[in-house]
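Residues take their numbers from the sequence shown, with the count starting at 1. Atoms within each ligand, like the ligands themselves, are counted from 1 in listed order. All heavy atoms count here, side chains included; hydrogens, waters and symmetry mates do not.
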Amino acid sequence: AKQSGRNNFQFYRQELNTASVSRMVLEAGLRNAVDRQEFLLHYQPQMCLKRDKLIGVEALVRWMHPERGMVSPGEFIPLAEETGLVVPMGQWALVTACNQAVAWRNAGFPPIRVAVNLSGIQFKLPDFVDMVTRVVRMTGIEPACLELELTESIAMGDVEETLAKLKTLADLGVKLAIDDFGTGFSSLSYLKRFPIHTLKIDQSFVRPCTENSEEAAIVRSFVGLAHSLNLSVIAEGVETEAQREFLRGEACDEIQGYFYSRPLSSDALTDFLRAERDA
Ligand code: C2E
Ligand code: CA
Ligand code: CA
Ligand code: CA
């Protein structure tokens with residue numbers, strides 16, 4: 001154990017020394033990644049607890065780096081946000097996810113809602129709403145089949161401006177979800193003012209909910225809060241049957257997590273849909 005401890009230390013030192021270099025290399029690669037078509041989307045199923053069936057998917061970006069292989073979004077999204085590259089990347093993700101939803105519909109599957117992650121940086125742009133409107137028209141997606149995942153950080157900007165943007169999007173017919181709910185902004189007053197449809201309870205509350213009575217109480221209160229505001233609620237990071245049954249007992253509407261399925265390539269998700277249809 002001592003030996004591996006020392007190896008870890010050396011590894012860590014080396015990582016520190018190369019951190020800024022690797023950041024620059026990563027940034028240079030990120031600049032060309034959209035043009036070189038190195039991004040792809042994986043889709044993680046979201047399951048309706050009442051009907052025990054797939055109701056939507058969350059689109060999650062993957063970067064196939066030519067030398068490094070798959071780079072996780074945890075590594076490059078922060079860099080993409082700092083450099084503004086999250087704007088073209090995010091637009092690519094929105095278009096791709098909408099096209100995929102239309103393709104599944106055209107292949108004869110029942111309508112599937114696709115949820116797309118949006119950075120606060122994108123949301124703040126003056127033409128954000130126009131961009132979404134154009135993508136909806138251009139791809140022909142049924143607006144109700146598109147869900148935009150926003151974080152609580154949008155509540156920290158200019159409230160009137162945020163409200164106006166959200167209202168235009170809601171009028172367009174797209175669904176709005178608050179991602180990572182419970183981890184961010186402390187005031188909840190925005191919940192009743194903003195025209196949102198869904199709360200996504202963060203994994204950090206869901207994971208311990210069957211072992212820890214405090215997290216259980218938090219999850220219970222989030223579900224109650226959502227329902228009392230007429231919002232739908234989805235729990236993220238559901239990994240066990242016990243967690244699913246707890247959430248079912250709390251009348252949570254939907255779940256997402258490894259227990260039901262990991263994020264899948266579009267082909268694998270098509271197989272998943274086929275298997276569900278033929279079951
Ligand atoms: P997120 O939006 O909170 O997405 C959920 C993350 O949890 C995903 O990680 C997913 O693979 C992972 N996950 C889902 N179920 C489970 C589970 O049961 N157990 C565990 N341990 N993990 C689970 P991923 O794909 O690595 O994405 C990480 C983050 O990167 C996302 O967190 C999101 O904030 C960001 N991201 C991903 N795609 C995009 C995108 O297109 N645009 C933007 N702006 N951000 C994105
Ligand atoms: Ca998300
Ligand atoms: Ca989340
Ligand atoms: Ca997260």
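- Defined by atom type and a distance below 3.5 Å, a donor-acceptor pair is present between the side-chain atoms of Asp202 and Ser204.
- Close approach to Ile77 involves these atoms of ligand 1, each under 4.0 Å from a residue heavy atom: 43 (C), 45 (N), 46 (C).
- For ligand 1, the atoms lying closer than 4.0 Å to a non-hydrogen atom of Ser119 are 44 (N).
- Side chain of Glu161 to backbone of Asp158: no donor-acceptor contact under 3.5 angstrom is found.
- Ligand 1 is approached by Gly237 to a heavy-atom distance shorter than 4.0 Å.
- Under a cutoff of 6.0 Å and an axis angle of 45°, Arg193 and Tyr190 do not form a cation-pi pair.
- Proximity of Val61 to ligand 1, defined as any heavy-atom pair under 4.0 Å, is shared by backbone and side chain alike.
- Judged by distance alone, the side chains of Gln243 and Thr210 never bring a donor and an acceptor atom under 3.5 Å apart.
- Of the residues Gln46, Lys200, Gln44, the one that meets the side-chain hydrogen bond (donor to acceptor under 3.5 Å, both in side chains) test with Glu58 is Lys200.
- Near Pro263, the atoms of ligand 1 lying under 4.0 angstrom from a non-hydrogen atom of the residue are 11 (O).
- Of the options Glu239, His42, Arg62, Glu58, the smallest heavy-atom separation from atom 25 (O) of ligand 1 is shown by Arg62.
- Proximity of a side-chain donor or acceptor of Arg207 to a complementary backbone N or O of Val238 within less than 3.5 Å is not detected.
- Heavy atoms of Gln256 found under 4.0 angstrom from ligand 1: none, in either backbone or side chain.
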* Can you check side-chain hydrogen bond (donor to acceptor under 3.5 Å, both in side chains) on Thr198 and Glu147, steps first, answer last? -> CA-CA 9 Å; Thr198 305; Glu147 183 165 75; 3.2 Å; yes

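- Residue contacts with ligand 1: Ser72 is excluded, as none of its non-hydrogen atoms falls under 4.0 Å.
- Near Gly257, the atoms of ligand 1 lying under 4.0 angstrom from a non-hydrogen atom of the residue are 15 (N), 18 (O).
- Salt bridge present: Arg248 and Asp52 bring a charged side-chain N and a carboxylate O closer than 4.0 Å.
- With a 4.0 Å cut-off on non-hydrogen atoms, Met89 touches ligand 1 through its side chain and not its backbone.
- Nearest to atom 7 (O) of ligand 1 by heavy atom, out of Gln203, Glu236, Glu75, Gln243, is Gln203.
- For the pair Lys165 and Phe123, the cation-pi test (distance below 6.0 Å, angle within 45°) is passed.
- For Phe109 and Phe272, the ring centers sit 6.0 Å or farther from each other.
- Looking at Arg23 and Glu82, a side-chain N of the basic residue comes within less than 4.0 Å of a carboxylate O on the acidic one, giving a salt bridge.
- Comparing Arg262, Gln44, Glu81 against atom 14 (C) of ligand 1, the shortest heavy-atom distance belongs to Gln44.
- The shortest distance between side-chain heavy atoms of Glu75 and Arg68 falls below 4.5 Å.
- The part of Val238 lying near ligand 1 is the backbone, judged by heavy-atom distances below 4.0 Å.
- For the pair Glu215 and Arg220, the salt-bridge criterion is not met [side-chain N within less than 4.0 Å of a carboxylate O].
- Counting heavy atoms closer than 4.0 Å to ligand 1, residue Asp180 contributes side-chain atoms (C-beta onward) but none from N, CA, C or O.
- Around the Ca ion (ligand 2), protein atoms of type N, O or S found under 3.0 Å number 4.
- The residue from Phe259, Phe39, Tyr258 that puts a heavy atom closest to atom 23 (C) of ligand 1 is Tyr258.
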